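Throughout, protein chains are lettered first and strands after them, A, B, ... in sequence-line order, and every chain is numbered starting at 1. Quantities reported herein were computed from a predicted structural model and do not represent experimental measurements.
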Amino acid sequence: MEESKKALNFIEHIIEEDLADGYAKSQLRFRFPPEPNGYLHLGHASSICLNFGLGEKYGAPVNLRFDDTNPAKEEKAYVDAIKRDVEWMGFHWDKECYASDYFQELYDWAVMLIKQGKAYVDSQSSEDMAKQKGTPTEPGVPGPYRDRSVEENLDLFLRMKNGEFEEGKHVLRAKIDLASPNMLMRDPILYRVLHKAHHRTNTDWCIYPMYDWTHGQSDYLEQVSHSLCTLEFLPHRELYDWCLDQLVSKDRLRPKQREFARRNLSHTVVSKRKLLQLVEGGHVTGWDDPRMPTISGLRRRGYTPESIRNFADTVGIAKRENLVDVSLLEFHVREHLNKITPRVMAVLNPLKVVITNYPEGQVEWLDAENSPEDESMGTRKVPFSRELYIEKEDFREEANRKFFRLKLGGEVRLKNGYIIKAESCTKDTDGSIIEVRCTYDPKSRSGSGTEESLRKVKGTLHWVSVAQAVEAEVRLYDRLFSDENPDGHKERDFMEFVNPNSLLVITAYLEPSLKEAKVGARYQFQRLGYFNVDTDTTGDNLVFNRTVTLRDTWAKIQQKG
RNA sequence: UGGCCCAUGGUGUAAUUGGCAACACAGCUGGUUUUGGUCCAGUCGUUCUAGGUUCGAGUCCUAGUGGGCCAACCA
């Protein structure tokens with residue numbers, strides 16, 4: 001890639017400085033450290049692109065490390081989903097690691113700390129400990145167990161490990177500084193008792209290390225050079241460094257933590273906890289519901305990994321609060337899908353057109369090009385006949401000159417077909433139009449080369465032949481939240497902004513070439529948008545998702561009146 | 001009311017580290033087009049405030065303002 005010319009983000013500046021300062025390029029190593037307690041979302045995609053992107057840029061390995069220190073929330077199923085998502089994004093990790101692989105080392109280091117008088121077993125309730133901890137403006141005070149003897153601490157900690165105590169009875173705490181302005185340094189908890197089976201270590205352990213006692217050490221054991229995390233971990237850095245101070249040896253690389261701002265996307269939430277709420281509340285069908293900003297949701301929706309990676313690259317990385325507009329994401333899917341999808345015709349909201357001068361029973365199979373962007377995609381045949389469907393929105397009895405579509409007495413080109421003229425229409429008792437009767441110009445067939453075929457008419461419509469049309473279920477999605485920043489309101493819960501109309505299911509009529517469309521296949525339904533075949537598709541039920549609409553200039557013109 | 005972080009067009013990021021503020025998206029105008037798509041051309045608009053250092057400040061210093069984070073046996 002010609003990546004080298006691009007401006008560097010602040011993380012890359014840090015790495016460049018380190019390189020200039022004597023780091024060998026071969027020492028560079030990164031990691032992506034998800035907790036397997038939920039599915040990956042667009043925020044993680046940014047982090048994935050950052051870490052793996054750095055790996056690609058510097059030719060450095062990147063580990064996939066599961067931060068699995070809390071068996072109460074974590075599951076193997078999430079591990080599998082995360083691996084699938086990272087692979088789908090097109091990245092390759094060097095080692096597949098688990099924090100749980102380091103439980104023994106972590107335990108040994110904790111024992112070492114106790115022996116040095118730097119950690120102690122506290123046996124109070126969490127409420128009491130919280131009280132003694134003070135507040136950001138007042139220092140904490142020592143609890144009654146802070147000065148237990150090394151022997152007693154060692155004994156208690158061993159018995160915690162052996163499962164002799166119930167949850168909540170004892171914790172192991174580091175003895176650091178109760179007066180620190182950084183709350184995290186006020187004797188942070190290192191271990192808690194948890195009688196839960198772990199997805200990898202099963203019931204081997206009755207005590208589990210906390211994040212702060214795990215992350216830096218994991219980085220150190222894996223010799224990660226730059227440990228990148230989001231800004232809310234900035235206050236943890238002091239503790240991260242304290243932990244490393246206790247055990248780093250001078251001849252090994254010492255990892256450094258640096259922090260960047262998480263990405264926020266407009267009209268959605270990027271928080272596993274909140275996404276879980278949507279899943280559990282039944283507002284969506286699951287983590288991979290196409291409306292979800294999860295990687296699996298976007299995949300099912302028809303997004304491509306390339307479009308997500310380009311999005312992440314364009315958005316970049318920095319340290320300030322942000323709210324990225326979804327339109328940027330949509331721009332990137334359209335940009336990619338425009339290049340790779342074949343064009344087809346489908347009618348979502350049918351209105352019957354009868355071509356009165358077209359022979360009854362006749363069917364012509366017309367040539368249609370699969371992509372105006374890419375001739376190598378070839379052509380296909382589409383059937384033309386006396387009875388067709390067009391979109392209801394494409395016909396009006398009367399309209400002004402700005403309406404480039406079909407109106408009574410007006411002409412329009414049927415894409416890949418003939419020029420037709422609307423002669424009359426019939427209505428039902430409510431007055432809504434149910435059929436348009438047209439005539440066609442037999443010499444105007446697209447591609448026939450005749451003078452008539454070359455005639456310019458202002459509008460071109462997509463259509464399908466009624467007799468050969470394939471019915472399909474089409475799912476039209478709208479934003480999941482009506483508010484631009486649903487979790488940005490202090491007094492209102494984000495759930496208040498859930499859009500009740502985020503899904504519209506319709507029956508559409510497709511050209512017959514789509515009959516055998518495979519799950520996952522992506523198309524452009526001409527003039528409508530990009531669609532893909534959903535995983536719910538079965539032998540007798542074709543299901544399409546609308547990935548994104550085409551840019552719609554006409555909608556804007558109409559809005560202006 | 002303590003500590004830490006942040007502040008550049010509507011949005012997101014750049015600025016050769018103190019030297020003409022730029023790129024993308026969005027918006028707007030026009031052109032091409034058998035998709036009101038794509039493509040092409042053009043256009044709008046930016047350094048939070050006040051001081052200071054300097055020949056020169058988006059960048060450095062001070063103060064202010066605004067926003068965020070920090071008192072889980074979560075990560």
Inter-nucleotide C1' distance (U38(B), U17(B)), Å rounded: 41 Å
Any-strand Watson-Crick or G-U partner of G51(B), both distances under 3.5 Å: C61(B)
Per-pair stack call Trp554(A) and G36(B), 5.5 Å, 30°: yes
Proximity to the side chain of Lys319(A) - top-ranked nucleotide from C73(B), U34(B), C5(B): C5(B)
Touch class at under 4.0 angstrom, heavy-atom based, for Tyr418(A) against every strand present: nothing
Minimum-distance nucleotide to Ala7(A) side chain [options: A14(B), A75(B), U34(B)]: A14(B)
Residue Glu74(A), side-chain atoms from C-beta onward, closest of C70(B), C4(B), A75(B): A75(B)
Touch class at under 4.0 angstrom, heavy-atom based, for Asn416(A) against every strand present: base
Spacing between Asn400(A) atom CG and G36(B) atom P, to the nearest angstrom: 16 Å
Length of the CH2-C1' vector between Trp213(A) and A75(B), whole Å: 18 Å
Side-chain donor/acceptor of Arg527(A) to base of U35(B), under 3.5 Å: no
Sugar-phosphate, base or nothing in reach of Val171(A), heavy atoms under 4.0 Å: base
Watson-Crick or G-U counterpart of A24(B), or none if no pair lies under 3.5 Å: U11(B)
Between CD1 on residue Ile308(A) and SG on residue Cys49(A), distance to nearest 0.5 Å: 8.0 Å
Sugar-phosphate, base or nothing in reach of Pro372(A), heavy atoms under 4.0 Å: base
Ring-ring centroid check Phe157(A) His170(A), cutoff 6.0 Å: no
Side chain of Asn70(A) - closest among G12(B), A75(B), G68(B): A75(B)
Pairing nucleotide - A75(B), Watson-Crick or G-U, each distance under 3.5 Å: none
Quiz item: Arg320(A) side-chain donor-acceptor pair to U8(B) base, under 3.5 Å: yes
Sugar-phosphate, base or nothing in reach of Gly447(A), heavy atoms under 4.0 Å: base
Integer angstrom distance from the P of G9(B) to that of G58(B): 14 Å
Touch class at under 4.0 angstrom, heavy-atom based, for Met129(A) against every strand present: base
Donor-acceptor pair between His267(A) and Asn485(A) side chains, under 3.5 angstrom: no
Touch class at under 4.0 angstrom, heavy-atom based, for Glu35(A) against every strand present: sugar-phosphate
Touch class at under 4.0 angstrom, heavy-atom based, for Glu373(A) against every strand present: base
Nearest-angstrom distance from the residue atom NE2 of His236(A) to P of C74(B): 13 Å
P atoms of A50(B) and A14(B), separation to the nearest Å: 26 Å
Assigned glycosidic conformation for U29(B) [threshold 90° from 0]: anti
Atom P, compared across G67(B) and G30(B): separation rounded to whole Å: 42 Å
Whole-Å P distance, C28(B) and G64(B): 43 Å
Touch class at under 4.0 angstrom, heavy-atom based, for Thr69(A) against every strand present: sugar-phosphate
Lys415(A) side chain, from C-beta outward: closest of A71(B), U34(B), U11(B): U34(B)
Polar pair under 3.5 Å, donor/acceptor by atom type, side chain Arg405(A), base G36(B): yes
Heavy-atom protein contacts under 4.0 Å, nucleotides 21-31 of chain B, coded B base, S sugar-phosphate only, - none: ---SS-SSS--
Distance-only donor-acceptor test, Thr137(A) side-chain atoms vs U1(B) base atoms, 3.5 Å: no
Lys161(A) to Trp205(A), cation-pi by 6.0 Å centre distance and 45° axis angle: yes
Whole-Å P distance, A22(B) and G42(B): 15 Å
Lys339(A) vs U38(B): side-chain N/O to OP1/OP2 distance below 4.0 Å: no
Sugar-phosphate only, base, or nothing, as touched by Leu194(A) at under 4.0 Å among non-hydrogen atoms: nothing
Touch class at under 4.0 angstrom, heavy-atom based, for Gln524(A) against every strand present: base
Sugar-phosphate, base or nothing in reach of Lys490(A), heavy atoms under 4.0 Å: sugar-phosphate
G2(B) to U16(B) separation - C1' atoms, rounded to the nearest Å: 40 Å
Span that lies between the C1' atom of U8(B) and that of U46(B), in whole angstrom: 6 Å
With Phe260(A), the side chain to side chain contact (heavy atoms under 4.5 Å, CB included) member among Leu231(A), Ile317(A), Leu234(A): Ile317(A)
Sugar-phosphate, base or nothing in reach of Glu393(A), heavy atoms under 4.0 Å: nothing
Closest-nucleotide ordering on RNA chain B, the 5'-leading residue of Leu461(A) and Gly134(A): Leu461(A)
Parallel, tilted or perpendicular: rings of His198(A) and Tyr208(A) (30°, 60°): parallel
Touch class at under 4.0 angstrom, heavy-atom based, for His215(A) against every strand present: nothing
